[in-house]
Structure formats: C-alpha cells, structure tokens
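All values below were derived from every heavy atom in this structure, side-chain atoms included, with hydrogens, water molecules and symmetry-related copies excluded. In what follows, residues are counted from 1 in the order of the sequence shown.
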Amino acid sequence: MTPSSPPPLPSAVFICISFLALVISPSAALTCSSQKFTENQVYSNCLDLPYLSSYLHFSYNSSNTTLSIAFIATPSKSGGWIAWAINPKATGMAGSQSLVGYKNSTTGSAQVHTFDVSSYSSIVAKDLSFEVWDKTAESRSDGSLAIFAKIKVPADLAASGKINQVWQVGPSVGTDGRLVPHVYAGNNLQSKGTLDLKSGQSSTSSGGDDRLKKKNIHGILNAVSWGILFPLGAMIARYIRTFESADPAWFYLHAFCQVSAYAIGVAGWGTGLKLGSESPGITYSTHRNIGIALFVLATVQIFALFIRPKKDHKYRFYWNVYHHSFGYAILILGIFNVFKGINILKPEDKWKTAYMIVIIALGGISLLLEAITWVVVLKRKSRKSTKPYDGYNNGQS
C-alpha cells in the first residue's frame, strides 16, 4: 500500500465509528436497550421512563401472572435510594407497594427492601400485599442502582393486564433504615403511570400535570391578591387621600382594590384547601396557618366597609385603630406567605425574580410618596399656623 493510497475499507469504517462514538453524547446514547446486567438477565421489554432518568426492564408470564422486573435509576444524592412500586388501588405513591434499593452504609453493598407506603406520612418496611421473591440489587459503574425482583401480580390486575406503576429517587437513608423523603416538586411528583403488561407499553399519568397546574393557579391567584393588590390598595389609602382633590376618588379606588384582592384571595385560598385535601400526607404548616389567618383577617376587614362610622363619630378613632392594624397585618403576612409559597412550589427563578421586582418597585414608590406626603402635610400645617386672625376669629364682632 503506497502512502497516498486510501486505507482499507474495514479500517475506514472503524475510524468513522470511533469518531461518531466520540462526538455523540453518552447521555443521548444511553437508553434501556443499551443496558446490560452482571448476571446477563434478559427481559422481553424495556422502557425509558420519562422522569428522573429511570429505566424499567420487564417480562410478564400471563400463564402464571408472574412479572419479572429490573429497575434502574440514580439516587438524587450519593448514598440515596431508588424505588419502584405498584399501586393496586390508585395512581400515586400513597397506597403503593414499593421495592426500595440502596447501599448498605456499613458494607457498601446494594440491597433491596419492601415498603408499604400506606400514606405519605406512613412509610413502613414490611412485606407487601402480594408475593415477591428473588429480590436483589446491584451497584452500577455509572453511580446508578438496579433493583431485581419477581412479582405475583394480583388477580384483578392480571385480569385487566395493566398496573399502576410509580418510581422515585431520594437523597439518603437514616441509620435506622428510614428513608429520607424525596423532593415534593417537579419530576418527583410526575413519576407515575400505567404499565400495560401485554403490549409492553407505558403511559404517563396526567395526575402530576393536573396537580402542578392546580398549584400554579393557587400561586398566581394568591400572589396577585395578597401580594400585589392588597399592598396597592393600602398605598392608595395612605398616600392618595393626602391630596384634597382626590377625595372621594381615593376611597373608591381603595375599596375596589381591597374587595378585588379579597375575592381573588378567597379563590386562591380555596384551591389551597383543595390541594391539601388531595395530599393528606404533605403538610406545609406555616404556609397553611398563615393562609388561614389571612382569610380570617381579610374577612373581618371587609366587614369594616359596613360598620364604618362617620368622621365625626365618637367611635371613629377606635375603628381607625382596628382598620389600620388589620390592614398592616394582612400586608406583612400576605407578602411573607407569597414568598413561602414560591419556596414550596419552586418555579423557575424568573418568577421569583419578577415578584421581587414588583415588591421592590412598590416599596420604592411608597418611599417616594411618603416623602411627598410629609411635605404636603407640613406645608398645610404651616399655612394654617401663619394664617392671620380676622375679627371673627378673635372673638370680635
């Protein structure tokens, strides 16, 4: 072969394949079909699950209703756990019968245990409601874990040919074997679906998307009401009323903002109650209690419109104290609880940044109007104190 001659065909093919292997991202090439096991287990079906970078290999024998599975996932943190479960009655994690794999903290070997997740607050290591055998686990070179098991599918599920599957990853395992909870947001709430044992296909449950939509609606309603409209209404009452030409327009603007904020806030509060009733094991006590307090305070505040004494009434002073105290309490608690909600919902950073910009803008405008208000009030007092007395004011006829 001369120096100018092309390489033989096999060498050229090898060079091309090597180049493609270098430029293709490993993550893009990683699918369930490329995964191998140390014991060379073979399954008739495999699925790239849509969330949490997880994979399921399985075979189903309909004659004896036996399901053989291999579930692969990477814990959310080093030393964490992975889980794959069947929920016989519902589509979520609550009520599921779960296989959980993690590394033994002493030996470092992977192991698998069964957990009955009767509710989000009750996760107990115990035998499952159906028969499970050949449970093993292995650590993989890429940091992931694999769970292997054979399951006797319950008769009612075998008859339908479909099961509700749930999968999950968590950060760590306590020394007593208790699982440290996973994140209650994003993909961790959507990792569930229906597995068709006959066709080998999986459909993702829309429940996670619906729940996330409800959370977003809850957050938007409350951010607009308690977090924006109520502060805006308070600013109108404090600053615009200073200008005599704005009377009584300021009062109607103030009432419109507060009544609108109350109506939207009640809707947001209602969606929060609904979300809470659908997730009895997930409780954000501080956020919930502040929400209840806001609803009570705002309801009492709305009644202030109907019991407002006239300006010269002897009880007007006490009404002012009550009205202002409740108003500022709602203002502070509302903004604080909006930030609590943002931290719970964990939206993209741009949403938190946008709300912070709105609050900073309202705060800056308030400082400017505060200064203008004091200037107007002091000038008004100065004019009254220097006004010359006429004969009538001196008591003379």
Side-chain angles (χ1 to χ4, degrees), residues 45 47-52 54-60 62 65-73 76 81-102 112-133 135 137 145 147-170 178-179 181-212 214 275-283:
N45 303 283
L47 296 169
D48 298 330
L49 298 174
Y51 304 107
L52 304 178
S54 303
Y55 310 89
L56 179 68
H57 302 251
F58 69 97
S59 298
Y60 179 62
S62 58
T65 64
T66 298
L67 176 65
S68 301
I69 67 104
F71 172 70
I72 301 174
S76 56
W81 52 267
I82 68 170
W84 185 84
I86 294 176
N87 194 324
K89 303 296 182 182
T91 59
M93 181 62 76
S96 65
Q97 305 291 292
S98 182
L99 297 164
V100 179
Y102 55 84
V112 59
H113 297 276
T114 55
F115 281 77
D116 178 10
V117 188
S118 58
S119 69
Y120 289 103
S121 58
S122 177
I123 303 175
V124 181
K126 60 183 293 188
D127 292 338
L128 304 185
S129 61
F130 43 78
E131 188 179 355
V132 182
W133 66 96
K135 303 187 301 292
L145 297 174
I147 295 173
F148 305 90
K150 291 182 179 179
I151 299 166
K152 183 70 172 179
V153 178
D156 57 335
L157 300 180
S160 68
K162 296 181 179 180
I163 61 174
N164 297 319
Q165 66 165 336
V166 188
W167 64 97
Q168 197 55 257
V169 298
R178 291 182 179 272
L179 305 179
H182 61 81
V183 174
Y184 290 103
N187 291 341
N188 293 84
L189 295 180
Q190 302 187 65
S191 53
K192 54 187 177 180
T194 302
L195 182 64
D196 192 319
L197 300 176
K198 298 176 181 178
S199 68
Q201 300 300 311
S202 175
S203 60
T204 304
S205 170
S206 62
D209 295 330
D210 291 341
R211 181 169 174 78
L212 185 61
K214 290 178 183 177
L275 286 167
S277 67
E278 293 175 351
S279 306
I282 305 175
T283 304

Is a donor on one side and an acceptor on the other found under 3.5 Å between the side chain of [X] and the backbone of [Y]?
X   : Y    : answer
S96 : A94  : no
W81 : Q168 : no
S98 : A83  : no

Next on the checklist: How long is the straight-line distance from OH of Y55 back to CG of D48, given to the nearest 0.5 Å?
Outcome noted: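 Rounded to the nearest 0.5 Å, the CG-OH separation comes out at 6.0 Å.
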Checklist entry - Going by atom types alone, do N87 and Q97 pair a side-chain donor with an acceptor below 3.5 Å? => result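 No, Q97 and N87 have no side-chain donor paired with an acceptor closer than 3.5 Å.
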State, to 0.1 Å, how close [X] and [Y] come at their nearest heavy-atom pair, and which atoms those are.
X    : Y    : value
Y51  : N187 : CD2-OD1, 3.4 Å
S191 : N188 : OG-O, 3.5 Å
A73  : S54  : CB-OG, 3.5 Å
F71  : L49  : CE1-CD1, 3.8 Å
K192 : L189 : CE-O, 3.8 Å
L99  : I147 : O-CD1, 3.6 Å

Item to check | Working for side chain to side chain contact (heavy atoms under 4.5 Å, CB included), residues L195 and L47 | outcome: CA-CA 10 Å; L195 182 64; L47 296 169; 3.6 Å; yes
Extract all donor-acceptor atom pairs below 3.5 Å that involve side chains of residues 148-163 and protein atoms in other chains or at least two apart in sequence.
{"from": "K152", "atom 1": "NZ", "to": "N64", "atom 2": "O", "distance (Å)": "2.6"}
{"from": "K152", "atom 1": "NZ", "to": "T65", "atom 2": "OG1", "distance (Å)": "3.3"}
{"from": "S160", "atom 1": "OG", "to": "L157", "atom 2": "O", "distance (Å)": "2.9"}
{"from": "S160", "atom 1": "OG", "to": "K162", "atom 2": "N", "distance (Å)": "3.3"}
{"from": "S160", "atom 1": "OG", "to": "K162", "atom 2": "O", "distance (Å)": "3.3"}

Item to check | For W84, side chain to side chain donor-acceptor pair (under 3.5 Å) partners two or more places apart | outcome: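 Side chain to side chain donor-acceptor pair (under 3.5 Å) check on W84 returns Q165.
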Next on the checklist: Is there a side chain to side chain contact (heavy atoms under 4.5 Å, CB included) between T114 and V100? Walk through the geometry before answering.
Outcome noted: CA-CA 6 Å; T114 55; V100 179; over 6 Å; no
Checklist entry - Do I69 and L67 pass the side chain to side chain contact (heavy atoms under 4.5 Å, CB included) test, and can you show the C-alpha distance, the side-chain angles, and the key distance before you say yes or no? => result CA-CA 6 Å; I69 67 104; L67 176 65; 3.6 Å; yes
Next on the checklist: Between I86 and F130, is the side chain to side chain contact (heavy atoms under 4.5 Å, CB included) condition met? List the steps.
Outcome noted: CA-CA 10 Å; I86 294 176; F130 43 78; 4.0 Å; yes
Checklist entry - Can the ring centres of Y102 and H113 be said to be less than 6.0 Å apart? => result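 Y102 vs H113: aromatic centres under 6.0 Å.
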